[in-house]
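Below you'll find the structure, written out as structure tokens, and then a few comments.
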Amino acid sequence: MLFLTLRVARPVTSLVQSSTLYCRGLGLEQLGAFTDHDGFSGIMLGQRDLPWHLEFTQCDAHPLRPTPTQEDMLVLYLPNEEAWLTTCENMLAAGFCRLPAVNPYWDRNGQTFCDHDGYRTVIQRQSWPSLTDGQKNHSADTRR
């Protein structure tokens with residue numbers, strides 16, 4: 001099965017604050033939004049040339065309090081050191097807090113950032129290997 005698009009949906013306490021943080025920190029743009037769709041309002045952020053985006057939602061009728069754990073993370077891979085450093089600086093300038101990862105693996109080649117709702121984003125200075133050349137049964141994770 002081939003999935004062509006990925007959406008990561010998260011309830012947030014403030015659509016405006018979340019949108020501002022992620023647009024400034026990750027260079028995302030608003031791809032869409034909706035208001036009072038069966039009680040929910042939301043905003044989709046991404047980049048038009050990427051097959052994934054983030055969706056942040058709020059529901060005034062029955063507010064959901066974000067409850068991420070320390071291991072609920074969005075991990076983004078940036079192999080280029082200059083782009084990685086710039087993105088890490090942008091995350092701090094946007095208002096994310098930098099903190100150590102619970103799993104020390106993520107601190108070896110990355111930095112972990114936390115937003116106002118407790119959602120964590122890891123900016124990893126690595127490339128994610130593609131599963132080509134008959135590697136379908138091999139893990140792309142090099143932690144072992």
Side-chain angles (χ1 to χ4, degrees), residues 1-132 135 138-144:
M1 180 180 306
L2 177 65
F3 295 100
L4 300 178
T5 304
L6 171 69
R7 174 183 288 181
V8 177
R10 295 175 165 174
V12 296
T13 56
S14 170
L15 291 175
V16 172
Q17 187 176 8
S18 295
S19 175
T20 300
L21 274 175
Y22 285 83
C23 285
R24 289 181 181 167
L26 295 174
L28 303 179
E29 61 186 73
Q30 181 176 326
L31 300 176
F34 55 93
T35 303
D36 197 23
H37 182 245
D38 294 328
F40 285 84
S41 296
I43 188 166
M44 282 75 73
L45 305 176
Q47 292 179 350
R48 298 201 183 279
D49 59 340
L50 295 177
W52 62 270
H53 60 274
L54 303 176
E55 176 189 46
F56 297 126
T57 61
Q58 280 187 300
C59 180
D60 292 330
H62 51 357
L64 297 173
R65 182 160 183 79
T67 56
T69 71
Q70 295 175 346
E71 276 291 290
D72 290 323
M73 300 177 299
L74 175 67
V75 180
L76 302 173
Y77 291 83
L78 283 173
N80 178 282
E81 185 169 4
E82 184 177 332
W84 178 79
L85 286 170
T86 298
T87 301
C88 291
E89 291 169 3
N90 290 345
M91 294 290 279
L92 291 172
F96 285 87
C97 296
R98 183 168 180 237
L99 44 90
V102 172
N103 181 338
Y105 169 78
W106 297 113
D107 291 333
R108 290 188 195 117
N109 292 305
Q111 291 185 19
T112 302
F113 300 90
C114 190
D115 72 12
H116 60 282
D117 285 322
Y119 291 115
R120 293 172 185 234
T121 301
V122 177
I123 309 300
Q124 189 73 356
R125 192 173 34 91
Q126 276 182 296
S127 60
W128 180 255
S130 62
L131 296 177
T132 58
Q135 296 177 350
H138 294 93
S139 171
D141 192 336
T142 58
R143 288 186 262 187
R144 293 177 180 72

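These values consider heavy atoms only, across backbone and side chains, with no hydrogens, waters or symmetry-generated copies.
- Atoms CG and CG, from Leu6 and Leu50 in turn, are 11.0 Å apart once rounded to the nearest 0.5 Å.
- Counting only heavy atoms from C-beta outward, the side chains of Arg10 and Val8 approach each other to under 4.5 Å.
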Begin from the C-alpha positions of Val122 and Leu76 and carry the test side chain to side chain contact (heavy atoms under 4.5 Å, CB included) through to its verdict. CA-CA 6 Å; Val122 177; Leu76 302 173; over 6 Å; no

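- Listed by first and then second residue, the side chain to side chain donor-acceptor pair (under 3.5 Å) pairs that reach into residues 67-79 are Thr69-Asp72, sequence neighbours excluded.
- When all heavy atoms of Gly25 and Ala94 are compared, the closest pair comes out as N-CB, 3.6 Å.
- Annotation for Trp52 and Leu28: closest pair CH2-CD2, 4.2 Å, computed over non-hydrogen atoms.
- Counting heavy atoms of neighbouring residues, nucleotides and ligands inside a 6.0 Å radius, atom CZ of Arg24 does not exceed 12 of them.
- Here the CD-CG distance, from Gln111 to Leu99, works out to 10.5 Å after rounding to the nearest 0.5 Å.
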Could you go through the side chain to side chain contact (heavy atoms under 4.5 Å, CB included) check for Met44 and Gln30 one step at a time? CA-CA 6 Å; Met44 282 75 73; Gln30 181 176 326; over 6 Å; no

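- Under the 4.5 Å side-chain criterion, counting only non-hydrogen atoms from C-beta, Met91 is not in contact with Arg98.
- Looking only at side-chain heavy atoms (C-beta outward), Phe40 and Asp60 stay at 4.5 Å or farther from each other.
- Side-chain contact between Ile123 and Leu26 is present, with at least one heavy-atom pair separated by less than 4.5 Å.
- Taking each heavy atom of Pro68 and Pro66 in turn, the nearest pair found is CD-C, 3.3 Å.
- Without hydrogens or angle criteria, Glu29 side chain to Cys23 main chain gives no donor-acceptor distance under 3.5 Å.
- With a 4.5 Å cut-off on side-chain heavy atoms, Leu45 and Ser19 count as touching.
- For residues 114-124, every residue pair satisfying the side chain to side chain donor-acceptor pair (under 3.5 Å) rule, not counting sequence neighbours, is listed here: Thr13-Asp117, Ser18-His116, Tyr22-Asp115, Gln124-Gln126.
- Expressed to the nearest 0.5 Å, how far OG1 of Thr5 lies from NE2 of His53 amounts to 7.5 Å.
- When every heavy atom of Ala101 is checked against every heavy atom of Trp106, the shortest pair comes out as CB-CB, 3.8 Å.
- In this structure, Trp84 and Glu89 have side chains that are not in contact, with every pair of non-hydrogen atoms separated by 4.5 Å or more.
- Interatomic distance, Ile43 CD1 to Leu54 CG, rounded to the nearest 0.5 Å: 11.0 Å.
- Going from atom CD of Gln58 over to atom CG of Leu15 covers 4.0 Å, rounded to the nearest 0.5 Å.
- Atom SG of Cys88 is separated from atom CZ of Phe113 by 4.0 Å, given to the nearest 0.5 angstrom.
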